Each structure stands twice: as structure tokens, then as C-alpha cells.
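Quick caveat, the model's predicted, so the values are computed rather than measured. Just so it is clear: chains get the letters A, B, ... in the order the sequence lines come, proteins before strands, and each one is counted from 1.
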Amino acid sequence: MSLHLEHLNPEQLAAVTLGDEHALILAGAGSGKTRVLTTRIAWLVKGGRVSPAGILAVTFTNKAAREMLTRVSAMLPVNPRGMWIGTFHGLANRMLRAHHRDAGLPQAFQILDSQDQLAALKRLLKGLNVDEDRFPPREVQYFVNNRKEEGVRAGEVPLTDETTRRFVELYAAYDEQCQREGVVDFPELLLRAFELLKRNELLREHYAQRFRHVLVDEFQDTNRLQYRWLKLLASSGARMFCVGDDDQSIYTFRGANVGNMADFERDFRVKHVIRLEQNYRSHGNILDAANALIANNRNRLGKNLWTAAGKGEPLRVFEGESDADEARWLVEEVQALAREGTRLSQIGVLYRSNAQSRVVEHALFSQGIAYRVYGGLRFFERKEIKDALAYLRLVATPEDDNSFLRVVNLPSRKIGARTIEELQDAARQQGVSLFKAVPGNSKAAAFTRLIEELKAETANLPLPEVVRHVVERSGLLEHYKTEREGADRIENLEELVNAAAAFGEEAREVEPGEPTDPLTGFLAHAALEAGEHQAGEGHEALQLMTVHSAKGLEFDAVFITGLEEGLFPHEQSVTERDGLEEERRLAYVAITRARQRLYLSHAQTRMLHGQTRYNIPSRFLEEIPEALMKWLTPRFSKKKDFSWSGRSPEPLPFAKPRAREVGGFRIGQNVHHPKFGSGVIIDAEGQGTDARVQVNFGNQGVKWLAVAVAKLQAA
DNA sequence: GTGTTGTACATAGGC
DNA sequence: TGTACAACAC
């Protein structure tokens with residue numbers, strides 16, 4: 001039960017034992033950030049500096065919140081009752097349930113995930129006869145969410161032009177619809193919680209007095225609204241302890257605002273910025289590479305990681321002729337590592353985008369190597385689970401039109417688009433929910449009766465039995481039994497019953513005002529905690545994932561694949577503001593995942609969207625000092641004509657004939673241009689003085705150049 | 001009202 | 001290349 005303060009380095013100790021003041025902790029990768037955060041909480045509580053109820057600690061993921069809770073519990077003599085530890089959304093939900101009346105919400109309000117939100121918007125746009133070409137649902141969603149994250153309601157958006165005016169109308173209509181149906185989307189959860197404190201002085205005072213210490217994890221990932229909410233919570237003198245790393249900010253594309261770090265320093269007149277720069281994870285060469293790379297970014301608070309461990313081995317770099325070649329090499333290296341005793345689960349294969357996993361998977365599969373791919377559908381996002389949840393939601397909230405539409409004809413009740421439309425018209429006219437608008441003698445009435453019966457039948461059952469009963473009586477189980485390949489779905493539906501049981505068993509402390517209805521709690525849990533991506537965690541398997549999902553993880557050996565211009569950095573990023581810097585931070589995150597060994601690779605050709613692409617090596621490879629790397633293939637191979645030779649597939653017999661060689665240049669050849677720099681020829685056409693070649697210059701773009709005019713040189 | 005073909009589209013993904 | 005959803009035919 002000791003805090004083991006003696007094991008902390010001076011900076012960590014200073015952070016943990018900081019006195020009565022605000023603090024910004026710049027915590028580099030692998031610098032013991034979580035340890036500092038949890039030890040500080042324990043130190044505050046154990047020393048009697050604050051009661052557990054005075055602690056509010058917030059993270060971004062449920063996983064991080066769980067880990068924090070576990071570690072804090074281990075350091076304290078009793079279960080830390082009364083602490084608020086959770087995600088922003090989880091804590092907002094908790095607050096809104098407790099004060100749903102003040103927040104203007106029904107007690108059992110349902111939470112829309114992004115999919116649900118999009119479905120709700122599509123329905124709205126259809127009902128309003130909006131031209132979906134001019135106002136695509138996705139863009140409306142984007143607009144709404146961005147405004148909410150700025151804390152701006154529909155009535156407050158400046159109407160700069162006609163299009164904006166239209167978007168704002170839709171925003172307002174969407175919010176009305178949500179209100180009517182008693183549902184709340186993710187950004188709304190945060191905005192409501194913010195507005196609740198902003199408008200209700202009594203409540204604000206209550207919480208601001210209660211929480212004496214507010215601790216924030218991954219502070220660089222907070223958006224503007226989250227920061228403003230934190231400021232309200234700290235409005236009565238609470239001490240803020242914000243931990244973050246600007247170099248690991250990789251989520252600006254979804255609203256994260258690194259600027260919050262600088263704002264925080266200023267707004268709270270932070271006296272102490274503590275830098276945790278000693279890294280306990282990686283060998284020296286790996287850290288040197290990371291430091292050198294990130295030094296190319298201009299917008300930084302500044303930080304340099306160091307380690308007491310040795311330099312370790314050089315980074316191994318491989319150039320593949322193709323993506324398949326790269327994958328073959330990777331598999332061989334993995335096998336070699338395994339022979340040397342590295343466990344598969346301690347090897348991470350990282351890539352920029354999910355599409356890249358396929359080739360690697362193929363190679364792994366053919367060699368019989370166990371692997372696990374992260375990403376994709378999570379448990380509570382699966383179709384059959386969402387169907388079951390829709391029934392459960394209707395039992396709890398019949399006004400939930402989203403759920404109504406989802407399952408009114410599932411299993412089939414012979415209710416088609418026509419009937420639905422009529423129903424929607426009627427509901428709109430009467431200003432009521434679809435459920436209420438159902439005429440007594442219609443086909444749909446059988447459905448509403450079913451829901452009402454379910455409600456009555458399950459009223460006094462324990463939660464898992466409620467779920468079991470609804471899954472069976474709704475006809476879903478039967479429906480999926482008759483569906484071919486429905487075995488997995490049946491299994492998942494059964495697993496849902498188990499999930500309900502597990503949820504019920506988790507002894508969660510109930511504070512006054514907390515929802516007492518277990519079903520409501522479970523439905524919120526399902527929305528907020530999407531569950532595991534894939535079963536089979538803990539099995540010995542190679543770990544495949546995007547760089548984004550690797551954040552926060554570490555491996556003995558790491559492969560970063562597809563280090564090519566256009567892929568990593570991604571071509572989309574060049575059009576984004578500071579996009580390239582974010583890509584570089586992403587590469588920084590990837591590198592710093594490795595403990596002992598780091599492998600970097602790229603391929604000369606790659607199949608993307610069914611087409612062969614010729615990419616030049618990523619600039620990030622050039623930003624890493626040569627001395628740290630060991631090239632397994634000749635650096636930036638000068639091999640020419642690779643697309644037409646050797647093992648490479650012949651062009652299809654009916655493919656459009658392409659000029660293989662024009663004006664002394666060949667497809668696949670590396671070239672240099674005085675203005676655009678180095679590139680690779682990806683296409684050619686014409687003859688003699690008309691000869692033109694298409695060159696991929698990476699960040700400079702893809703260009704057609706006349707051979708006679710452009711000063712192209714073989715590189 | 002349901003099954004089938006056809007076309008558009010393709011970063012990253014937490015809650 | 002593979003998927004997702006919309007417009008089509010039964």
C-alpha cells in the first residue's frame with residue numbers, strides 16, 4: 001500500500017507532490033505519465049489533503065479510466081469511493097442523469113452513437129425533402145458536431161451566407177428532433193453538461209466546491225468545449241493538474257485542440273510546467289530517431305527524450321519491390337524474432353491506414369502465424385446487438401424513433417417503406433412519436449403491442465433476464481437462426497445477456513440521483529463503452545493495428561510499414577492545415593512504441609483501390625539520421641524498370657498498352673527535377689518531342705511533364 | 001415488400 | 001480491391 005515515492009525520478013516526484021497550485025505536466029512518451037497521475041491522486045488522498053470525493057480525474061478512453069481506477073485502488077487502503085474517475089462523456093452522462101430535470105432531459109434519455117446520429121440525420125433530411133446532393137448527411141453531421149464542440153447552438157451561428165443559413169436550419173431541426181425523441185448524441189452530452197454548469201449557478205457552485213483537485217489525462221486531446229467545462233469545474237479554486245504531450249497530439253482531425261495547453265498555462269497562470277523527459281521504454285537509438293524526426297516540427301512546446309538505457313540496436317530499414325514483398329520480409333523477420341524468443345504478442349505491426357493490413361494478413365495466414373487485427377466493429381456496434389438494443393431502448397423510451405424504425409420490421413412484419421412513410425406523416429402532423437402515431441388496427445400495431453407487452457413482462461425481472469426475454473420474445477433470435485451464417489449472431493446475442501449480467505454485478509457505487517433503473521444504466525453503458533473490438537484478447541498473437549490505435553501501447557519490437565509519400569504522410573494531410581506536422585507526430589508516436597527493436601519499411605509499388613501505385617520513400621525516413629539506421633536493402637534502390645521485370649505480374653492482355661519507355665525514361669524510374677525534387681515515373685505517353693511522363697513527387701504532387709522541356713534527370 | 005444488381009467511393013476513430 | 005447503399009426488378 002506504499003506509494004513508493006522513492007522510486008520516482010526528481011521530476012516525477014515534483015509533479016506528484018506539487019503543492020496547492022495548478023500544474024501542466026509535459027509528459028513525453030514512456031515517461032511514466034500514468035504512474036505520476038495515479039500516484040498523485042493516491043498521495044493527495046492518503047496524506048489527507050483531500051477526501052476521495054474531492055477528486056475528479058478525467059481521461060479519453062474507458063480503458064485508460066479503468067486502468068487509472070485499478071492503479072489508484074491498489075495504492076489506497078480502501079476502495080476509493082466517491083471519486084469521479086471516468087471519460088469526459090462518462091462523467092457528463094453521470095452529471096446529466098443526476099440532474100436530468102435541470103438539463104431538460106428525460107431521466108432515461110438514450111445516447112446516440114455516431115452511426116445512430118447519422119441515421120437520425122438521414123431520416124430528418126428525408127422528412128424535410130432536403131436535396132441530399134447539396135446537403136449530404138455526413139456533412140450536416142460534421143457541421144452539427146463541430147458547432148457543438150465549439151459550444152455554439154443553432155441560434156448562435158453567424159449567418160455568413162445562404163448555405164450556412166441552410167445548415168443552421170438543419171442543425172436546429174435536428175436538435176428539435178432529438179429533444180422530442182429524448183435522445184442525446186456524443187457532442188450533445190458534453191455541451192449539455194457544459195451548459196448545465198454554465199447556467200445553473202447552484203449546481204456549478206456545488207461541483208466546483210466539491211472537486212478540489214481536477215486531474216486531466218491526455219490533455220493535448222481535449223477540445224475547446226471540454227476545456228471550458230473543466231474551467232467551470234475549477235471556478236471555485238480547484239487545482240488543475242493537466243498531463244499531456246503536444247508531440248503526441250494526433251487527433252486534431254476530430255476536434256482536439258493542442259492550443260488548450262498554452263491557453264491553460266495562461267488562463268490559470270500556471271507557475272510550474274514540469275517536463276518528464278526521461279524515457280523508461282525505448283533504447284537510445286529509437287529515442288534518437290524519434291527526437292530527430294519530431295525536431296522538424298515547428299509548433300512545439302519543446303522537449304527532448306532521453307534514456308539511461310543503452311543505445312541498443314540500429315533501426316532496420318527495408319525496401320520492398322512491392323507491398324507483397326514487404327509483407328514477405330516482415331513475416332520472415334517475425335519468424336526470426338520468434339525463434340530468438342520474442343513473444344508474438346510483444347510484436348506490433350503498425351500502418352497508417354487499415355487497408356494496408358490485408359496484404360500483411362495474407363502473408364501471415366499463409367505462414368500460419370497467429371495474429372490479431374485491431375479496429376473494425378466493436379461488440380455493441382454489431383448489427384444484431386444494435387437490433388436487440390433497439391428493442392430494449394423502446395421498452396425504456398417508446399419515443400425513440402431511431403430505434404422504432406430500426407426494428408419495426410425486423411423480423412419482417414410486412415411493414416414496408418410505404419407504411420412507414422404514412423406513419424411518419426401522421427406522426428409529424430400530430431406532433432407525436434412514431435410509436436404514438438401507430439393506428440390501432442394496423443400491422444404496426446402488433447409491433448407496438450409487442451413492445452408494451454415486453455415492458456410489462458420484464459418490469460420485475462433482473463437485468464440479464466430482461467435482455468434474454470426481449471431477445472427471445474422480439475423474434476430476433478428466431479430471425480437470425482433462419483439466416484444462413486447467423487451462428488455468430490446468435491452467439492453474440494447470447495453474449496449480450498452475459499454482458500448484462502456482468503454489468504449488473506459490477507458493484508458500482510450509487511450516488512444520490514444516479515439512475516436506479518438498471519436497464520437505463522445498461523443502455524448508457526452500451527453506448528458509452530462500445531466493448532472489445534474482437535474476442536480472443538490475451539491469446540499469443542502478433543498485434544496488427546493502425547498507428548492511431550497503437551497510441552498508449554508498447555512492444556518489444558515494432559514494425560512501421562508503408563513509409564511512403566502519399567501513404568505516410570498521407571496524401572490527404574497536405575491539404576490540411578498543419579497536416580504534415582500531425583503526420584510527423586503520428587510517426588513519432590509510432591516510433592516511440594518500440595522498446596528494443598524498430599523496423600521501418602516501404603515498398604516501391606503498392607496495390608491501392610485495385611490499382612498499382614508507385615510511391616517514393618517517405619520523407620520521414622530521410623529525417624532520421626543515417627547513423628541510426630541499418631539498411632537491409634540498398635538505400636533507396638536504384639533498380640529500374642521493376643514493374644515490368646522479374647516476379648512482377650505481367651500486364652493484363654487487354655490492358656491499355658502503355659509506353660514503357662519514352663525519351664530515355666522508364667516507368668518506375670527514380671528521377672530528379674530542379675523544382676519538384678525527387679520523384680518516380682508512374683506513367684508515360686507519346687513519342688519523340690511529344691513524349692510526356694507522369695511523375696509522382698510525393699508532397700509536391702503528381703505531375704505530367706514534357707520530357708523535351710522539363711529538366712528531368714535520372715536519380 | 002423483399003431480393004439483386006450496379007455504381008460510387010475509399011485517412012485516422014475515441015466517446 | 002472490397003464494401004456500402006441506392007435504384008432496380010420480381
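- Among the atoms of the strands shown, none is found under 4.0 Å from any heavy atom of A:D221.
- Aromatic ring centres of A:F186 and A:H89 lie closer together than 6.0 Å.
- You'll find the ring centres of A:F568 and A:H602 outside the 6.0 Å limit.
- A:R378 comes within contact range of the sugar-phosphate backbone alone, with a heavy-atom separation under 4.0 Å but no base atom that close.
- At a threshold of 4.0 angstrom between heavy atoms, the contacts of A:F60 are confined to the sugar-phosphate backbone, with no base atom among them.
- Once you apply a 4.0 Å limit to the heavy atoms of chain A, the touched nucleotides of DNA chain B run 5' to 3' over B:dG1 to B:dC15.
- At a threshold of 4.0 angstrom between heavy atoms, the contacts of A:R352 include nucleobase atoms, whether or not backbone atoms are also involved.
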Could you go through A:F447 and A:F404, starting from their C-alpha distance and side-chain angles, then the distance that decides it, and tell me whether this counts as ring-ring contact (aromatic ring centres under 6.0 Å, His included)?
CA-CA 9 Å; A:F447 175 68; A:F404 184 98; 5.3 Å; yes

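- At a cut-off of 3.5 Å, with distance as the only test, no side-chain donor of A:E181 or A:Q179 sits close to an acceptor on the other residue.
- Using P as the reference atom, B:dG13 and C:dA4 are 16 Å apart when rounded to the nearest Å.
- Heavy atoms of A:S114 sit under 4.0 angstrom from at least one base atom.
- A centroid separation of 6.0 Å or more is found between the aromatic rings of A:Y351 and A:H548.
- With A:V183 as reference, A:D400 is the one residue of A:I111, A:D401, A:D400 to meet the side-chain contact (heavy atoms from CB on, under 4.5 Å) rule.
- Map A:A530 and A:A355 each onto its nearest nucleotide of DNA chain B; the residue landing nearer the 5' end is A:A355.
- Within the nucleic acid shown, A:D113 has no heavy atom closer than 4.0 Å to any nucleic acid atom.
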